[in-house]
Amino acid sequence: MAVPLVEYLGWLATAVFVGSYLCKGSAALKRMQMIGALMWVVYGLVIGATPVVAANLLVFTVAGWTLMGRRGLTG
């Protein structure tokens, strides 16, 4: 039985996200989390899972916000 391409995307997104925790620096970890989150967003859109899309848009946003040093709130 063939594995649907979308499943590979889900597994790859999982690998990227888990691999982010092996990054040495905080910035690298956040960048990897952002990449993984975007992959999960695409996955969620393909399978029609709104909670997966919403959760990962939040992860992407917060990772990007903290990566940029929270400039919007610190003045």
Side-chain angles (χ1 to χ4, degrees):
M1 182 188 282
V3 177
L5 192 57
V6 69
E7 276 194 47
Y8 287 118
L9 175 60
W11 284 113
L12 185 58
T14 299
V16 168
F17 198 77
V18 170
S20 73
Y21 289 99
L22 300 175
C23 294
K24 301 243 185 243
S26 175
L29 176 135
K30 291 170 186 170
R31 282 188 203 100
M32 288 289 287
Q33 286 179 333
M34 290 174 74
I35 292 167
L38 284 178
M39 294 170 74
W40 277 114
V41 167
V42 172
Y43 176 82
L45 289 170
V46 170
I47 68 168
T50 306
V52 172
V53 173
N56 284 284
L57 284 175
L58 288 171
V59 169
F60 180 83
T61 301
V62 172
W65 176 57
T66 58
L67 182 63
M68 299 307 291
R70 301 179 194 171
R71 290 186 186 124
L73 293 180
T74 58

Closest contact, heavy atoms only, Ala63 versus Met34: CB-CG, 3.5 Å

Value rounded to 0.5 Å, distance of CG in Leu58 from OG1 in Thr61: 6.0 Å

Non-hydrogen side-chain atoms of Phe17 and Met32 separated by less than 4.5 Å: no

From Val6, Val52, Leu5, residue fulfilling side chain to side chain contact (heavy atoms under 4.5 Å, CB included) relative to Val46: Val6

Minimum-distance pair of heavy atoms, taken over all atoms of Met39 and Val16: SD-CG2, 3.9 Å

Spell out, yes or no, whether Leu29 and Phe60 are grouped together once hydrophobic residues are joined by side-chain heavy atoms under 4.5 Å, including indirect joins. no

What about Tyr43 and Trp40, are their ring centers closer than 6.0 Å? yes

For the residue pair Ala13 and Gly36, what are the closest heavy atoms and their distance? CB-O, 4.1 Å

Single-linkage hydrophobic cluster, 4.5 Å side-chain cutoff, Val59 and Tyr21 together: yes

Output all residues satisfying side chain to side chain contact (heavy atoms under 4.5 Å, CB included) with Val41, sequence neighbours left out; order by chain, then residue number. Leu45, Val53, Asn56, Leu57

